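Accompanying notes for the structure given below.
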Number of protein chains: 2
Amino acid sequence: MTDRRYHHGDLRRALLTAAVEAIGESGPGGLGLRDLARRVGVSHAAPVHHFRDKAGLLTALAAEGFELLARSLAETRDRGGDFIDQGVAYVEFAVSHKAHFEVMFRPDLHHADDPDLTAARERAGALLADGVTDEEDPRVAAVAAWSLVHGFATLWNTGALSREHDEDPAAVGRRVAAFLFRRS
Amino acid sequence: MTDRRYHHGDLRRALLTAAVEAIGESGPGGLGLRDLARRVGVSHAAPVHHFRDKAGLLTALAAEGFELLARSLAETRDRGGDFIDQGVAYVEFAVSHKAHFEVMFRPDLHHADDPDLTAARERAGALLADGVTDEEDPRVAAVAAWSLVHGFATLWNTGALSREHDEDPAAVGRRVAAFLFRRS
DNA sequence: GCCCCAAACTTGTCAACGACTAGATACCGC
DNA sequence: GCGGTATCTAGTCGTTGACAAGTTTGGGGC
């Protein structure tokens with residue numbers, strides 16, 4: 001705390017990580033720019049200079065989230081993973097990056113038309129669609145697959161079904177994802 | 001507007017419907033107790049008397065939402081609908097009651113352990129689980145089915161996939177739900 | 001028919017927030 | 001080592017949620 005210099009060094013980065021922490025504690029609604037500034041140890045108006053406003057901060061956070069998701073999906077693909085693995089990667093991302101994931105799909109919280117954000121979102125979306133290879137109806141299959149993993153991740157994160165299944169979310173997610181493409 | 005008496009008559013009901021309207025305009029984050037009071041034409045502290053605080057109001061709204069959902073699911077069941085119809089009913093509810101649906105699955109916005117809320121939630125949950133009849137693995141099937149329709153509804157409402165499919169959400173939802181229980 | 005009490009609502013206030021403005025400070029290219 | 005600019009601070013405004021205390025109203029007991 002003694003190294004309180006005028007120039008922080010990388011305030012933008014510090015604010016983003018502090019935001020992740022704060023959201024993890026009290027949700028994106030409880031997030032405050034002033035509280036954030038206090039955590040990092042700067043004045044209450046410092047965040048405004050890096051992100052135009054509160055929504056700007058969350059926009060950056062959402063973009064970073066899609067970035068991370070895309071990276072994770074690309075990794076699984078390069079590792080030779082099939083659709084199920086992609087779905088598990090999606091769920092694992094959502095669970096281990098709750099704050100990012102929550103903000104990513106909340107258009108009312110961020111500037112949804114931000115160029116950086118839309119670019120990152122489309123990148124992740126393309127990877128996601130590529131992961132699904134269904135011969136019959138590829139379009140419906142892609143939407144179904146995305147809906148399934150997204151729904152599972154959301155329900156898990158909100159605590160809607162954790163009471164019955166308090167095992168490893170990735171393991172349960174795998175069984176659920178496999179259910180979609182079973183053959184009987 | 002001339003009938004501005006001291007006792008409103010049914011302020012609680014009026015506040016809830018006003019809240020639905022306000023959330024529909026600017027999301028649950030943009031909702032304000034004072035703004036709500038202004039819409040209904042009462043003092044800024046009147047809402048506090050009916051719902052303890054902002055979260056209390058949203059708790060009541062969420063409970064009402066689960067109530068409505070349960071009613072809709074029960075109706076489809078009594079009409080002899082199968083799982084697909086139940087899924088469509090779920091999606092239709094989510095789309096036509098955006099405000100309710102949004103608050104229902106946001107534990108950070110309401111008092112999640114409220115007795116009225118949990119009762120309504122469990123009622124809806126039971127109906128939902130009953131709708132799925134799978135001989136192989138009923139538990140996984142139930143979670144998969146719920147995840148699928150919930151994910152689809154969420155993604156649709158947030159505008160994540162409406163660009164490709166701007167048809168009737170119920171119709172698309174039906175195709176997606178049918179995909180889960182196809183036999184090839 | 002009246003009185004009184006509890007429920008419903010109002011007015012006033014406080015700390016905290018987001019956004020804005022103007023000013024102070026320090027890094028960096030020249 | 002100088003100037004310009006990005007970075008950050010300090011101060012302020014309107015608005016919010018929550019709380020406290022007072023006022024009005026309807027209705028049940030007599």
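Every chain is numbered from 1 and lettered A, B, ... according to where its sequence line falls, protein lines coming before strand lines. Keep in mind it's a predicted model, so treat the numbers as computed, not measured.
The shortest heavy-atom contact between L117(A) and D114(A) is N-OD2, 3.0 Å. Contact between S43(A) and A37(A) at its shortest, heavy atoms only, is O-CB, 3.2 Å.
Residue R12(A) places none of its side-chain N or O atoms closer than 4.0 Å to OP1 or OP2 of dA6(D). Between H50(A) and dC8(D) there is a side-chain N or O to OP1 or OP2 distance below 4.0 Å.
Distances from the side chain of A46(B) to the nucleotides dT10(C), dA19(C), dA8(C) place dT10(C) closest. Among the nucleotides dG17(D), dT10(C), dT9(D), the one closest to any side-chain atom of S43(A) is dT9(D). Of the candidate nucleotides dT11(C), dA10(D), dT16(D), dT11(C) has the atom nearest to the side chain of A45(B). Nearest nucleotide to the R34(A) side chain, out of dC9(C), dA19(C), dG17(D): dA19(C). Here dC17(C) is the nucleotide among dT11(C), dT9(D), dC17(C) with the atom lying nearest to any side-chain atom of D35(A). Nearest nucleotide to the L11(A) side chain, out of dT10(C), dC8(D), dC17(C): dC8(D).
With D85(B) contributing its side chain and D82(B) its backbone, the two residues share a donor-acceptor pair below 3.5 Å.
A straight line from CG of D10(B) to C1' of dC9(C) spans 15 Å, rounded to a whole angstrom. To the nearest angstrom, C1' of dC27(C) lies 13 Å from NE2 of H49(A). As a whole-Å value, the separation of L31(B) CG from dT15(D) P is 17 Å. The distance from atom NE2 of H44(B) to atom C1' of dC9(C) is 11 Å, rounded to the nearest whole Å.
Among the heavy atoms of the strands, none lies under 4.0 Å from L57(B). L36(B) comes within 4.0 angstrom of no nucleic acid atom, judged by non-hydrogen atoms across all strands. Looking at heavy-atom distances under 4.0 Å, R38(A) makes contact with sugar-phosphate atoms alone, never a base.
Contact check on E25(B) versus R39(B) returns a salt bridge, with a Lys/Arg side-chain nitrogen under 4.0 Å from an Asp/Glu carboxylate oxygen.
Within the 4.5 Å cutoff, no side-chain heavy atoms of F51(A) are placed close to those of T59(A).
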